[in-house]
Amino acid sequence: MENTNIYEILKKRELIQQITFEDEFKNLVSNEKTHVYLGIDPTADSIHIGHFIPLMMMSYFQKCGHTPIILIGGGTAFIGDPSGKTDMRKMLSKEDISKNVDNIIKQVSKFVSFEGNNAAIIVNNGDWILDLNYMEFIRTYGVHFNVNRMLSAECFKQRMEKGLTFFEFNYMLMQSYDFLKLFENYSCKIEIGGDDQWSNMLSGVELIRKIHKDGSFCITCPLLLNAEGKKMGKTVNGAIWLDASKTSPYEFYQYWRNITDTEVRDVLKMLTFIPMEEVNRLSSLEGEKINDAKKIAAFEITKLIHGENAAIESKKISEDLFENQSDNNNMPKITIDSSSLLKDGLNILDILIKSNIVPSKSQGKTLILQGAISLDEEKITDPLYIVPISSFDKGFIVLRKGKKIFIKIELI
RNA sequence: GGGUAGGUGCCCGAGUGGCUAAAGGGGGCAGACUGUAAAUCUGUUAGCUUACGCUUACGAUGGUUCGAAUCCAUCUCUACCCA
């Protein structure tokens, strides 16, 4: 990468939503290489789309010569960030958290490198938060936090209606303390995060400036919102995960392939490394042509997370299914034990359940009556339909739900 | 500690003894139309059963009743007001 000015890169890619002391920040990054930190809560065993953009940002920072610090919130996970939540998050046990941490590190390594001069560093805030002495903490740091100000922060305002416990209220102090610790231990001067973290991050910057009279900064990236203004990455089955065992590469690819037209530009610019000129060209394609841009986006993002082979394979599956109309060996498949067969075949509803296409027979029945289920490209209209054994003569059958969900079923 | 209002399906929210598997909206899924898009229109959205129907469900437990989301008691949780 020729340009190593992180500020210019982020600006160009429109990755900066809010930033503190913009001019000072510009000076800092053009004159020195510093440490940059991103906090991730180990509240799930995989990271999700919400972490994607900050991680992209981190990747740019590293490429520009800065050193990433990934802070795992092993300590703060006990609290749970109240931002944007209407209910208190479930607290996790120590065992769960440490299990999650391992997975998260693996996924983070797709974005940042742990080798080289500015190898990324992993830290766990449990190391300094869990043995804090309460009195000492509130006397030394608590005095710097003004409750009136905290209450005016957007993230707490929302919670004021539903109720906010003191326990959660402390999240901001903890996060600020993290930044302070990293500032002291690593001279880390920059914190990055999603825009929903702005007030928490800001309070860290203020704390450092109060105690050390020295410059620290935070930058937030835009949240990835879908056309309805909601956070992207949610599906019926829950979130889209970066872990292949939770969201298969094919599903992952499909998610990005199916974004709406208006989301294309955001996705390309924020989630891929495609040069901005190309991003602009692709996202200005009109009508049907924009599908090409979606394919590229889906491919690039899948490649980034799951590797080139998985991306190629996912692309191939999807082309075969949707464009060539041919069966494919790569189609998601399941096998059914032949011992579960009836004498004359297998009930269609049972197959639907076994293949996890529907969660219950009632729903399967509804779908069949609505004409949503087809078998080997023939619509099934009778919920009592028995799939004859002869259907399996060619070795498998292809079941389809709606337009987009295909599954190949083999008999063993 | 005292008072008040509440806890209903994935979410919001109506319902205040039988017509209630529970209005309405959102979301989801599906059908039509399309570009694997959006918008729109339509259907559907607890489980089991071929079906009659049965089972589970309106914070928890117990009770009143032929019959309860609905009445009573106790408990629990939440918000607000007063301290």
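Below, each value reflects all heavy atoms present in this structure, side chains not excepted, and no hydrogens, waters or symmetry copies. Residue numbers start from 1 in every chain, and the chains themselves are labelled A, B, ... in the order their sequence lines are given, proteins ahead of strands.
- Nucleotides B:G3 and B:U16 have their C1' atoms positioned 24 Å apart, rounded to a whole Å.
- At distances below 3.5 Å, at least one donor-acceptor pair connects side-chain atoms of A:Q62 with backbone N or O atoms of A:S113.
- Residue whose closest nucleotide on RNA chain B sits further toward the 5' end, between A:K295 and A:K401: A:K401.
- Aromatic pair A:F21/A:F25: ring centres not closer than 6.0 Å.
- Comparing the P positions of B:G53 and B:C19 gives an interatomic distance of 14 Å, to the nearest angstrom.
- Remark: A:S360 is in phosphate contact with B:G47, judged by side-chain N or O atoms under 4.0 Å from OP1 or OP2.
- Across B:G13 and B:G7, the matching P atoms stand 9 Å from one another, rounded to whole Å.
- For A:N258, counting side-chain heavy atoms from C-beta on, the closest listed nucleotide (B:G47, B:A37, B:G35) is B:A37.
- For A:K361 and B:U50, the NZ to P distance is 7 Å, given to the nearest whole Å.
- Donor-acceptor pairing under 3.5 Å is recorded for the side chains of A:E22 and A:Y7.
- Atom name C1', nucleotides B:U45 and B:C10: the rounded distance is 10 Å, in whole Å.
- Nearest nucleotide to the side chain of A:A372, out of B:A30, B:A32, B:U36: B:A30.
- Summarising the geometry, the separation between CD1 on A:I405 and P on B:G28 is reported as 14 Å, rounded to the nearest angstrom.
- Without hydrogens or angle criteria, A:Q197 side chain to A:T220 main chain gives no donor-acceptor distance under 3.5 Å.
- No hydrogens or angles considered: a donor-acceptor pair under 3.5 Å links the side chains of A:Q18 and A:D195.
- Side-chain proximity of A:K365 to B:A38, B:G31, B:U50: nearest is B:U50.
- Side chain of A:K269 to backbone of A:M276: no donor-acceptor contact under 3.5 angstrom is found.
- The separation between A:Q363 atom CD and B:C10 atom P is 11 Å, rounded to whole Å.
- Comparing B:U50, B:G43, B:U36 by their nearest atom to the side chain of A:Q370 picks out B:G43.
- Remark: P of B:U36 and OH of A:Y250 are 13 Å apart, rounded to the nearest angstrom.
- Regarding A:E263, its CD atom lies at a distance of 10 Å from the C1' atom of B:A38, rounded to whole Å.
- We find that CZ of A:F406 is positioned 15 Å from C1' of B:A30, with the value rounded to whole Å.
- Protein atom NZ of A:K404 is 8 Å distant from nucleotide atom P of B:A30, rounded to whole Å.
- Comparing atom distances between the A:S362 side chain and each of B:G47, B:A37, B:U49 picks out B:G47 as nearest.
- Taking the P atom of each, B:A5 and B:G24 are spaced 30 Å apart, rounded to whole Å.
- Distance, A:K403 NZ to B:G31 P: 6 Å, rounded to whole Å.
- Relative to the side chain of A:D261, the nucleotides B:A32, B:U36, B:A37 differ in distance, and B:A37 lies closest.
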